[in-house]
Amino acid sequence: MPAPRIKSPRALVAESGADREGHGLKRTMGLFQLICFGVGAIVGTGIFVGLSDSVAQAGPAVVVSYVLAAITCVFTAFSFAELGGAIPVSGSSYSFAYAGLGESTAFLVGWCLLLEYGVSISAVAVGWSQYVNELLHSLTGVQLPAALSAGPGDGGFVNLPAVIVIAMASVLLVRGVRESARATAAMAAVKLVILLAFCAIGYSAFKHGNLTPFSPAGLGGIGAGTTAAFFSYIGFDAITTAGEEAKNPRRDIPVAIMVCMGIVTVLYCAVALAAIGAIGGGQVAGRPAALSYVVNEVTGSTAGGGVIAFGAVVAIASVVLAVMYGQTRILMSMSRDGLIPRVFEKVDPKTATPVAGTLIVAVVFALPAAFASLDAVMNLCTIGTLAIMAVVNIAVLALRRREPGLTRSFRVPLYPVGPLLGVGFCLYLMYETGWRTWLQFAVFLVVGLAIYVAYGRRHSTLATAAPEVTASAAAEREPQAV
């Protein structure tokens with residue numbers, strides 16, 4: 001059996017130019033911008049739209065679900081922080097898998113990332129459309145017709161607002177990362193202020209009786225709520241895709257990941273308690289634009305709900321921007337390695353951005369947002385994301401053994417227990433998605449593997465150098481075995 005094609009961390013960093021200027025990209029993002037970028041990538045549809053779905057599963061115990069989802073993410077966030085500081089390149093988990101487990105696993109991780117980011121961007125854009133309608137109704141008393149604000153699967157013809165937000169994000173990304181970072185920082189500040197204002201309103205009407213029964217569906221409901229709540233945390237890994245555009249990635253990326261996870265977890269729990277405590281879980285569950293509804297009920301006016309809707313419009317737009325950024329950088333790394341067509345790695349010398357790749361991503365992600373009902377693939381997106389997170393934890397274990405001398409600006413606490421717990425939590429939430437989702441995921445992986453065999457393996461930059469790489473890897477391992 002041939003040895004796996006593994007690209008060493010040093011080779012990944014050298015090829016990307018990550019210790020200088022990354023592959024035509026410019027280093028413009030400091031720690032504050034990275035934190036804002038992370039908050040921008042995470043806080044959006046998950047809390048503004050997805051809260052009602054999580055409450056429908058767990059009731060007031062949704063707070064426990066958010067904490068469990070956060071614990072799952074925190075253990076993996078430790079692993080992302082270690083690898084992001086040690087291998088500061090744009091490929092994120094794809095590159096980490098390449099260095100730790102080999103090319104075929106890395107390609108499947110990239111394939112799953114396309115699912116994670118693609119479905120999440122499209123779903124976020126659909127959620128943005130809901131709040132645009134809510135904002136329009138608050139300001140003018142009218143809404144967009146269903147034919148122009150929903151896809152065929154949801155009773156309309158085309159979801160025009162969803163297409164518009166993706167188009168706006170792509171234009172901003174093409175202009176340059178400095179402009180994108182500034183816009184993301186501004187939008188992150190707006191969404192945090194709006195959510196803090198929501199908490200103030202919600203807690204002013206808080207009734208302890210609304211928290212009973214605390215867990216109407218028992219542990220099963222909490223588990224299902226955790227799986228639903230997990231979608232709210234998708235995006236924190238996008239911070240590591242800025243490895244070639246951060247000013248000091250080895251120091252700042254681990255710090256940004258930890259700070260973002262802390263901010264987001266506290267914020268989610270506070271918002272969930274405020275919403276349920278104000279009007280009860282039964283009224284929050286399954287309700288579109290739930291936060292606006294809560295404020296309208298508490299204040300007796302649509303003005304407050306309009307403010308929340310404005311915050312949601314800004315918040316969700318920032319998620320589209322940040323996640324699209326991450327997807328284009330991952331595709332750029334895969335293209336640089338020859339696993340996908342070279343068009344994705346081309347960087348415009350004027351804007352220092354992958355213009356062609358960004359526009360392709362915008363078109364591909366806009367189509368399902370405009371016409372498809374995404375409910376059927378949300379669990380598939382979740383299981384794919386959890387699989388990626390499990391692989392990143394395993395990559396930490398593999399690289400600690402293979403590359404003990406690798407410079408690590410951050411180390412996973414409680415090693416090796418931390419990464420193993422990360423894998424365990426991911427597997428538990430994957431189990432909660434159900435056997436139908438597992439079957440869909442297996443088919444999805446088989447398709448990805450077929451694409452790798454048909455194209456990626458033959459066009460890989462390591463294809464002609466595989467013997468030398470294998471020999472080099474063996475030579476590197478031999479002294480460590482003495």
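Quick note: residue numbers are just sequence positions, from 1. On a predicted model such as this, the values are computed, not experimentally measured, just so you know.
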Side chains of Trp111 and Val447 in contact at under 4.5 Å (non-hydrogen atoms): yes

Under 3.5 Å, side-chain donor or acceptor atoms of residues 252-268 against the rest of the protein: list the pairs with distances, not counting sequence neighbours.
unit_1, atom_1, unit_2, atom_2, d
Thr265, OG1, Met261, O, 2.8
Tyr268, OH, Ile42, O, 3.3
Tyr268, OH, Ser232, O, 2.7

Distance-minimising heavy-atom pair for Ala125 and Ala369: CB-CB, 4.1 Å

Main-chain N/O of Gly209 paired to Thr212 side chain as donor or acceptor, under 3.5 Å: yes

Criterion side-chain contact (heavy atoms from CB on, under 4.5 Å) on Ser333 and Arg336, from CA distance to verdict: CA-CA 5 Å; Ser333 294; Arg336 187 162 58 206; 3.5 Å; yes

Ala56 to Ala285 - nearest heavy-atom pair and separation: CA-CB, 3.6 Å

Criterion side-chain contact (heavy atoms from CB on, under 4.5 Å) on Val158 and Leu148, from CA distance to verdict: CA-CA 5 Å; Val158 59; Leu148 297 179; 4.1 Å; yes

Residues forming a side-chain hydrogen bond (donor to acceptor under 3.5 Å, both in side chains) with Tyr428, sequence neighbours excluded: Glu432

4.5 Å side-chain heavy-atom contact, Val174 and Leu359: yes

Rounded distance (nearest 0.5 Å) linking atom CG of Leu34 with atom CD1 of Ile239: 7.0 Å

Contact summary for Thr72 and Met389, nearest pair of heavy atoms: O-CE, 4.1 Å

Residue pairs passing the side chain to side chain donor-acceptor pair (under 3.5 Å) test where at least one lies in residues 187-200, sequence neighbours excluded: Lys191-Ser318

Flag, side chain of Thr437 to backbone of Leu380, donor-acceptor distance under 3.5 Å: no

Rounded distance [0.5 Å steps], OG in Ser52 versus CD in Gln57: 11.0 Å

From CA spacing to verdict: side-chain contact (heavy atoms from CB on, under 4.5 Å), Leu273, Leu211: CA-CA 8 Å; Leu273 274 177; Leu211 300 183; 4.3 Å; yes

Gly384 to Phe441 - nearest heavy-atom pair and separation: CA-CE1, 3.7 Å

Close side-chain approach of Phe214 and Val64, heavy atoms under 4.5 Å: yes

Gap separating the CG atom of Leu386 from the CE atom of Met430, nearest 0.5 angstrom: 6.5 Å

For a quick test of your reading: what N or O donor-acceptor pairs under 3.5 Å do the side chains of residues 199-207 make, sequence neighbours left out?
unit_1, atom_1, unit_2, atom_2, d
Tyr203, OH, Ala270, O, 2.8
Ser204, OG, Ile201, O, 2.5

Residues which pass salt bridge (charged side-chain N to carboxylate O under 4.0 Å, His left out) with Arg251, listed by chain and number, not counting sequence neighbours: none

Non-hydrogen side-chain atoms of Leu114 and Phe365 separated by less than 4.5 Å: yes

Flag side-chain contact, heavy atom, 4.5 Å: Tyr94 against Leu339: yes

Asn210 to Ile279 - nearest heavy-atom pair and separation: ND2-N, 3.8 Å

Heavy-atom check, side chain of Phe344 versus side chain of Pro354, under 4.5 Å: no

Side chain to side chain contact (heavy atoms under 4.5 Å, CB included) partner of Tyr66, chosen from Leu51, Thr226, Ile71, Val271: Leu51

Point-to-point distance, once rounded to the nearest 0.5 Å, from SG of Cys112 to CG of Leu108: 6.5 Å

Closest non-hydrogen atom pair, Tyr233 against Ala70: OH-CB, 3.4 Å

Neighbour count above 12 (heavy atom, 6.0 Å) for Phe310 CZ: no

Over 12 non-hydrogen atoms of neighbours within 6.0 angstrom of OH in Tyr431: no

Donor-acceptor pair, side chain of Ser335 and main chain of Pro341, under 3.5 angstrom: yes

CG/Leu219: more than 12 non-hydrogen atoms of other groups inside 6.0 Å: no

Spatial distance of atom CZ (Phe37) from atom OH (Tyr325) [nearest 0.5 Å]: 5.5 Å

Test side-chain contact (heavy atoms from CB on, under 4.5 Å) applied to Ser215 and Ile222, step by step: CA-CA 7 Å; Ser215 181; Ile222 292 176; 3.7 Å; yes

Separation of Phe371 CZ from Ser122 OG (nearest 0.5 Å): 12.0 Å

Listed once per pair and sorted, the ring pair (Phe, Tyr, Trp, His ring centres under 6.0 Å) pairs that draw on residues 145-183, sequence neighbours left out: none

Over 12 non-hydrogen atoms of neighbours within 6.0 angstrom of CZ in Arg436: no

Within-4.5 Å side-chain heavy-atom neighbours: Ile164 and Met168: yes

Close side-chain approach of Met332 and Val347, heavy atoms under 4.5 Å: yes

Side chain Gln33, main chain Gly30, donor-acceptor under 3.5 Å: yes

